[in-house]
*Asks:* 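One structure, as structure tokens, below. Some questions next.
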Amino acid sequence: MTMPPLTLYLAAPRGFCAGVDRAIKIVEMALEKWGAPVYVRHEIVHNKFVVDRLRDMGAVFVEELDEAPTDRPVIFSAHGVPKAIPAEAERRNMVYVDATCPLVSKVHLEAERHHENGLQMIMIGHAGHPETVGTMGQLPEGEVLLVETVEDVAGLEVRDPERLAYITQTTLSIDDTAAIVAALRERFPAIAIPRKEDICYATTNRQGAVKAIAGRIDALLVIGAPNSSNSKRLVEVGRAAGCRVAQLVQRATDIDWEALQGATAVGVAAGASAPEVLVDEVIAAFRARFDTTVEAVETVKERVEFKVPRILREPAETP
Ligand code: 2E4
Ligand code: SF4
């Protein structure tokens, strides 16, 4: 039986960013240094495949610090934590390693700097997302006001419209955020503008890569988890760029083949927390059904790398 021809356009950059690479390495190195179990507060990154692999190696994932015993090391996820969490770990005399992405920590420091200068903060982000909770938790309750949409801007009740600054989650849609920023600037012309955008390089590049293939494809598959903010944004970016069919899939078994009927060009992108083996798995699933040609479309090369914290670069203390 002859298979129908289909071209797969692979968006590049895709998949792991420097912050995810570092966070996973932190868990692996902690297991090497201290042995199992090592506790991790929240999924280290939002990907079941990554979490299951680390769990098999001896990591134990918990949602709250008090679910971890005090005599084992604990790692904080890449998304960041409110200030109260490391403080609590110290109070309980726990060894902890912070896997917060340095680009999230940069936003934390920015919030603190503005606060010290007497500015009230507005955060653009998604309510309840761990990064938003962590960033808002850098400042006392009530100091950071959250906006999720352009409509939210009208309802803001600020202390002093002359003394405001804004920060954002690192994984937002570039275009949606620009619209919210425009609304903020219109309502509060004196609002302080960040020296550099908080949306990180990896988010920016992955969205750019989806836009670059959107015009050539009948459907887009984004590999990523349903709780992965940056991955969900890639689906939205695809839709906004004209992809009628845009699916978020955790792995090949999630693909809705019905929806792809008649397609001859399909785009594949992957969120910052999705490992490349899952891209390979999706390609293999296409090869089993179509006479598949794979074409990578690279918009930019990424060369960012982050060091792991010093505690993991030092040898374990001998008793
Ligand atoms: C930390 C910050 O934030 P998101 O839900 O996109 O996290 P995910 O774990 O999917 O991606 C890695 C990451 C971690 C992104 N930004
Ligand atoms: Fe860091 Fe950006 Fe990766 Fe998030 S997506 S972990 S902010 S590099």
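Ligands are counted one by one from 1 in listed order, and the atoms in each one are counted from 1 as well. Count residues from 1 along the sequence.
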*Asks:* Hey, is the main chain of Val104 close enough, under 3.5 Å, to the side chain of Thr170 for a donor-acceptor pair?
*Replies:* no
*Asks:* Under 4.0 Å between a side-chain nitrogen and a carboxylate oxygen: does that hold for Lys83 and Glu112?
*Replies:* yes
*Asks:* Identify, by atom number and element, the atoms of ligand 1 in contact range of Val45, meaning under 4.0 Å from any of its heavy atoms.
*Replies:* 9 (O)
*Asks:* Quick one: look up the protein heavy atom nearest atom 1 (Fe) of ligand 2 and list residue, atom name and how far away it is.
*Replies:* Cys101 SG, 2.3 Å
*Asks:* Just one of Lys33, Arg53, Arg22 clears the salt bridge (charged side-chain N to carboxylate O under 4.0 Å, His left out) bar with Glu28, so which one?
*Replies:* Arg53
*Asks:* Report whether any nitrogen, oxygen or sulfur of Cys17 sits less than 2.8 Å from atom 3 (Fe) of ligand 2 (N, O or S, backbone or side chain).
*Replies:* yes
*Asks:* In ligand 1, which numbered atoms sit nearer than 4.0 Å to a non-hydrogen atom of Ser273?
*Replies:* 8 (P), 9 (O), 10 (O), 11 (O)
*Asks:* Which atoms of ligand 1 sit under 4.0 Å from any heavy atom of Thr170?
*Replies:* 2 (C), 16 (N)
*Asks:* Considering heavy atoms of the protein only, find what lies nearest to atom 2 (Fe) of ligand 2 and give residue, atom and distance to 0.1 Å.
*Replies:* Cys200 SG, 2.2 Å
*Asks:* For Phe286 and Trp257, I'd like to know if the aromatic rings sit close, meaning centre-to-centre distance below 6.0 Å.
*Replies:* yes
*Asks:* Would Ser231 count as a polar contact of ligand 1, with the cut-off being nitrogen or oxygen pairs under 3.5 Å?
*Replies:* no
*Asks:* Indicate yes or no for a side-chain donor-acceptor contact from Arg72 to the backbone of Trp34 under 3.5 Å, with no hydrogens or angles considered.
*Replies:* yes
*Asks:* Identify, by atom number and element, the atoms of ligand 1 in contact range of Glu131, meaning under 4.0 Å from any of its heavy atoms.
*Replies:* 2 (C), 16 (N)
*Asks:* Return the option from Cys200, Gly134, Ser229, Gly80 holding the heavy atom at the smallest distance from atom 5 (O) of ligand 1.
*Replies:* Ser229
*Asks:* I'd like to know if the side chain of Glu43 pairs up with that of Asn227 as donor and acceptor (distance under 3.5 Å, no hydrogens or angles considered).
*Replies:* yes
*Asks:* Between Gln120 and Asp160, does a side-chain hydrogen bond (donor to acceptor under 3.5 Å, both in side chains) hold up when you go through it step by step?
*Replies:* CA-CA 8 Å; Gln120 190 179 19; Asp160 176 355; over 6 Å; no
*Asks:* Once you restrict to heavy atoms under 4.0 Å, what part of Glu43 touches ligand 1? Side chain, backbone, both or neither.
*Replies:* neither
*Asks:* When you look for heavy atoms under 4.0 Å from ligand 1, do you find them on the side chain of Asn230, its backbone, both, or neither?
*Replies:* both
*Asks:* Counting only heavy atoms, which portion of Ala78 has something under 4.0 Å from ligand 1: side chain, backbone, both, or neither?
*Replies:* both
*Asks:* Enumerate the atoms of ligand 1 whose separation from the nearest heavy atom of Asn227 is less than 4.0 angstrom.
*Replies:* 5 (O)
*Asks:* Have a look at Arg41 and tell me which of Glu88, Glu67, Glu63, Glu64 forms a salt bridge (charged side-chain N to carboxylate O under 4.0 Å, His left out) with it.
*Replies:* Glu64
*Asks:* Can you name the closest pair of heavy atoms from Val245 and Ala259 and give their distance?
*Replies:* CG2-O, 3.9 Å
*Asks:* When you measure from atom 4 (Fe) of ligand 2 to every protein heavy atom, which one gives the shortest distance, and what is it?
*Replies:* Thr170 OG1, 3.9 Å
*Asks:* Considering both backbone and side-chain atoms of Gln169, is one of its nitrogen or oxygen atoms within less than 3.5 Å of a nitrogen or oxygen in ligand 1?
*Replies:* no
*Asks:* Does the distance from a Lys or Arg side-chain N to an Asp or Glu carboxylate O, for Arg239 and Glu236, drop under 4.0 Å?
*Replies:* no
*Asks:* Heavy-atom distance to atom 16 (N) of ligand 1: which of Leu103, Val20, Thr171, Asn47 wins?
*Replies:* Thr171
